[in-house]
4 protein chains.
Amino acid sequence: MSAHQQTVDEKTPSSRVQRKRGRRIQEILTVAAELFGERGYDAVSLDDVAERLDVTKGSLYYYFPSKDELCTAAIETLGNDWTARLEQLPADGTVTERLRALIHEHVTIAVNDYPAALRLFLVPREWPEPQRARIKELRLRHDNLFRGLVEEGVASGEFKVTSVDTVLQCLHASMTQAPLWCGELGVRARKRAVDELADTLMSLVGR
Amino acid sequence: MSAHQQTVDEKTPSSRVQRKRGRRIQEILTVAAELFGERGYDAVSLDDVAERLDVTKGSLYYYFPSKDELCTAAIETLGNDWTARLEQLPADGTVTERLRALIHEHVTIAVNDYPAALRLFLVPREWPEPQRARIKELRLRHDNLFRGLVEEGVASGEFKVTSVDTVLQCLHASMTQAPLWCGELGVRARKRAVDELADTLMSLVGR
Amino acid sequence: MSAHQQTVDEKTPSSRVQRKRGRRIQEILTVAAELFGERGYDAVSLDDVAERLDVTKGSLYYYFPSKDELCTAAIETLGNDWTARLEQLPADGTVTERLRALIHEHVTIAVNDYPAALRLFLVPREWPEPQRARIKELRLRHDNLFRGLVEEGVASGEFKVTSVDTVLQCLHASMTQAPLWCGELGVRARKRAVDELADTLMSLVGR
Amino acid sequence: MSAHQQTVDEKTPSSRVQRKRGRRIQEILTVAAELFGERGYDAVSLDDVAERLDVTKGSLYYYFPSKDELCTAAIETLGNDWTARLEQLPADGTVTERLRALIHEHVTIAVNDYPAALRLFLVPREWPEPQRARIKELRLRHDNLFRGLVEEGVASGEFKVTSVDTVLQCLHASMTQAPLWCGELGVRARKRAVDELADTLMSLVGR
DNA sequence: AATGAATGAGGCTTCATTCAT
DNA sequence: CATGAATGAAGCCTCATTCAT
């Protein structure tokens, strides 16, 4: 039986083989993240993933024990990538500026790269426990980026909110659903829509 | 050929039989709306629907010509019910009061009755044309409730928005996703969450 | 249980009711013969038959115990009708003239009225015994029309054949398949095709 | 995605694997041709085909994307085989001799090897376009064998016909239906029947 | 006599999963 | 490592048949 080890991080990249394996896994996850992000869990078959990778379906099972596992790992990859891009935003400027930039970037990524990311978090309803935990943790890490800024703004008096939690939920919901209505727009109109969305969402913190 | 007639509205409930048929269809639609609302299109099989109704899959085809059609009709039922309840809200008070009430009621319905309605709007990327039209129209009718109020408020100077469209999208997204995070709360906490959500969302129109 | 009696002929048309029943049965058989003759056994559902009669599927079972039985009876009706029309041809003229007229009429009926009759004799391969017998007998009766003329012509020296049986088989095969290639033609071309077919087939008897 | 490639011809039997695949496909097609030839399209289920091959239904989909495609490919295999055998007949002798030999061989094949090929040409009223084209082409190639000879005979004055097309249709119809009435005969009687059939059909060209 | 409703078997198709090589 | 092949469960849909009314 093929050993299904660390799917995302590699603790002991001792040998050359290990490193190669890691690289291969990343390739797979990148492609899988793309596909799942585009179409959602149900609409992507392992054949789709395999074909885009130009390998056979069977090979995927050498690296991942099941579709669920592959998908979860892909979500992690996707989430890490996403979060990483958000973390690279410049840390200077007022809280208002920084939050707006964060929102803007988040929506841009959602609309351009992962239009169906929303689906991944809704279907199928119940992940098996270990995977649910991993997804939850991911979401938390991501949330904290926003939470940090909002709290900072509230503390400094720059923002005014009824409830930080509620604001975060609304932010998240609106940003994640954006691809659903921005997706059909042309390039120009889409850019403006994202701008307006960012402006509108800033009003949630009183800006 | 089994008559797949008016699935939602009944133009000619002439005979007793017709009425009975109508009632049966409503039963089915209610159950279907529940299931699809809970799990989304792909994750619900016709067997699931049939089983919950305690009939066989085949019977469903006596009333609906396909899964797509059943699901669309279920969505229509759900949407009509939902919209009807919103339309019954009192029409007096300031725009602010009325919008807040509308939001509050919408979220209450979402959280209590259709906790996963969101899924219904995400699922099969592309409905066949006739069904897409029906869903779009439904959504439009529902949207107009909110749009009317927002525009009224903007016209009267009571509201301030960057873009009416964008505000509506954010409202919708936030309200629809609410069950995802309110659902787990206890009765009391949930009530407060809904209140806070309504307050928070009012800030989208500058209130 | 409803009594499934004489499907085609009525032995005891004692009461008014009996006669009405007989008429209804004929209606059904006429329609069924049309449909089966057009599309073949498999491609016709009882719903199709019922719909064209403007009754429900269930009603058919009041008159016929199964699709097989209905289809066989329909074939009989079709065959009787067909044979009757051939028997009405004028009995004067030379054998050659009469055979040619017979062929011509047969093909005309095949092409215009029962384009898929061929299918009925091939699919599904094995009728249950009683029905097979009935169909065989029908075919026999029909065959004898041609056999009689051919033998007469041979006896009178007007025709020359290697084997009467073989000639009959070829005649039948060619006439029955005609709709397959004549069917697509326009009215005018079709008429000429039928004429040429009759001429060509006459050469099978040396004419 | 399982590769549904060249189903009949194999352009690049590069590796051993490819050849094995080709062999498997041929196995399937042979079996399918038998079954479809025996019972016709509708009366054969994929389960039937799979069972006769001692595999599961699903496996067939590894090689063919649909029942239609499988059936068309089977017809092609059958047709190619058939035509190839006819093309191997010696090309010397008078046109009369050659046409008679062709007819004789065709009927022999029909009776012995493809007793119910006829059904394949009757069944689903309408093939999807691409498949219809393939079948038409096959039929054309086969037809040309006969047409060539008939035209040659007509040109040389050896044959006399009303219409080449019509003669070809009659030839075809008679030869294809032959198994239906020759099939039941014993070996000896059958041989004579085939001889008589060939003689009789020659009279269609005035011989 | 006739209907509306329901059933259940069977058909086609997809797809996650397994496995020998 | 990777592949090609095969499997089996599950899904959608059709339709002959039954039955209470």
Side-chain angles (χ1 to χ4, degrees), chain A residues 1-2 17 20-21 24 42 44-50 53-71, chain B residues 1-3 15-18 20-21 24 42-50 53-70, chain C residues 1-2 17 20-21 24 42 44-50 53-71, chain D residues 1-3 15-18 20-21 24 42-50 53-70:
Chain A
M1 212 220 271
S2 52
V17 173
K20 184 157 178 204
R21 178 181 173 86
R24 196 90 186 87
D42 284 302
V44 172
S45 78
L46 290 191
D47 269 323
D48 293 335
V49 179
L53 282 161
D54 208 37
V55 296
T56 53
K57 200 172 23 171
S59 303
L60 296 180
Y61 279 87
Y62 186 77
Y63 297 99
F64 298 94
S66 74
K67 185 183 179 184
D68 270 16
E69 202 64 51
L70 168 59
C71 185
Chain B
M1 219 231 268
S2 48
S15 73
R16 214 178 321 123
V17 174
Q18 282 288 342
K20 187 160 176 195
R21 180 183 175 86
R24 193 88 182 90
D42 284 308
V44 172
S45 77
L46 290 191
D47 266 325
D48 292 337
V49 180
L53 282 161
D54 208 38
V55 295
T56 53
K57 205 176 8 177
S59 301
L60 297 180
Y61 281 89
Y62 186 71
Y63 297 97
F64 298 93
S66 71
K67 185 184 179 182
D68 270 16
E69 204 65 49
L70 168 59
Chain C
M1 217 236 254
S2 53
V17 173
K20 184 159 177 204
R21 178 182 172 84
R24 196 89 186 86
D42 285 302
V44 172
S45 79
L46 290 191
D47 270 324
D48 293 336
V49 180
L53 281 162
D54 208 36
V55 297
T56 53
K57 203 171 23 171
S59 303
L60 295 181
Y61 280 87
Y62 185 76
Y63 297 100
F64 299 93
S66 73
K67 184 185 180 185
D68 269 17
E69 202 65 49
L70 168 59
C71 184
Chain D
M1 220 232 267
S2 49
S15 73
R16 215 176 322 122
V17 173
Q18 280 287 344
K20 187 161 177 193
R21 180 183 175 85
R24 193 89 182 88
D42 284 307
V44 172
S45 78
L46 289 191
D47 264 326
D48 292 337
V49 180
L53 283 163
D54 208 38
V55 296
T56 53
K57 209 176 7 178
S59 301
L60 296 180
Y61 280 87
Y62 185 71
Y63 297 97
F64 298 93
S66 72
K67 185 185 178 183
D68 270 16
E69 205 64 50
L70 169 58

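This is a predicted model, so every value here is computed, not measured. The figures that follow rest on heavy atoms only: side chains count, while hydrogens, waters and symmetry mates do not.
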Could I get the full list of salt bridge (Lys or Arg N to Asp or Glu O under 4.0 Å) partners for Lys67(C), not counting sequence neighbours?
none
Take atom CG of Leu60(B) and atom P of dC15(F), then tell me their distance rounded to the nearest Å.
17 Å
Rounded to whole Å, please give me the gap between OH in Tyr62(B) and P in dG8(E).
17 Å
Go through the structure and list residues passing side chain to side chain contact (heavy atoms under 4.5 Å, CB included) with Thr56(C), not counting sequence neighbours.
Ser59(C)
Please name the pair of heavy atoms, one in Leu60(B) and one in Leu46(B), separated by the smallest distance, quoted to 0.1 Å.
CD1-O, 3.6 Å
Quick one: what's the B/S/- string for nucleotides 11-21 of chain E, heavy-atom cutoff under 4.0 Å, read 5' to 3'?
SBBB-BBB---
Contacts of Thr56(C) and Val55(B) projected onto DNA chain E by closest heavy atom; the upstream (5') one is Thr56(C)
Which dot-bracket notation, 5' to 3', represents the base pairing of DNA chain F when pairs are defined as Watson-Crick or G-U with both distances under 3.5 Å, crossing pairs as [ ], and inter-strand pairs as |?
.||||||||||||||||||||
Whole angstrom is fine here: how far is it from CZ in Arg21(A) over to P in dA2(F)?
10 Å
Would you kindly compare Asp54(B) and Val17(B) by the position of their nearest DNA chain E nucleotide and give the one closer to the 5′ end?
Val17(B)
Just to confirm, is there a sub-4.0 Å distance from OP1 or OP2 of dG4(F) to any side-chain nitrogen or oxygen of Tyr63(D)?
no
Minimum heavy-atom distance between Tyr62(B) and Arg21(B), given as atom pair plus value:
CE2-NH1, 3.5 Å
Nearest whole Å is fine: how far is dA5(E) C1' from Phe64(B) CZ?
14 Å
So which nucleotide from dA6(F), dA2(F), dA5(F) ends up closest to the side chain of Arg24(D)?
dA6(F)
Quick check: closest heavy atoms across Arg24(B) and Tyr63(B), and the distance to 0.1 Å?
CG-OH, 3.4 Å
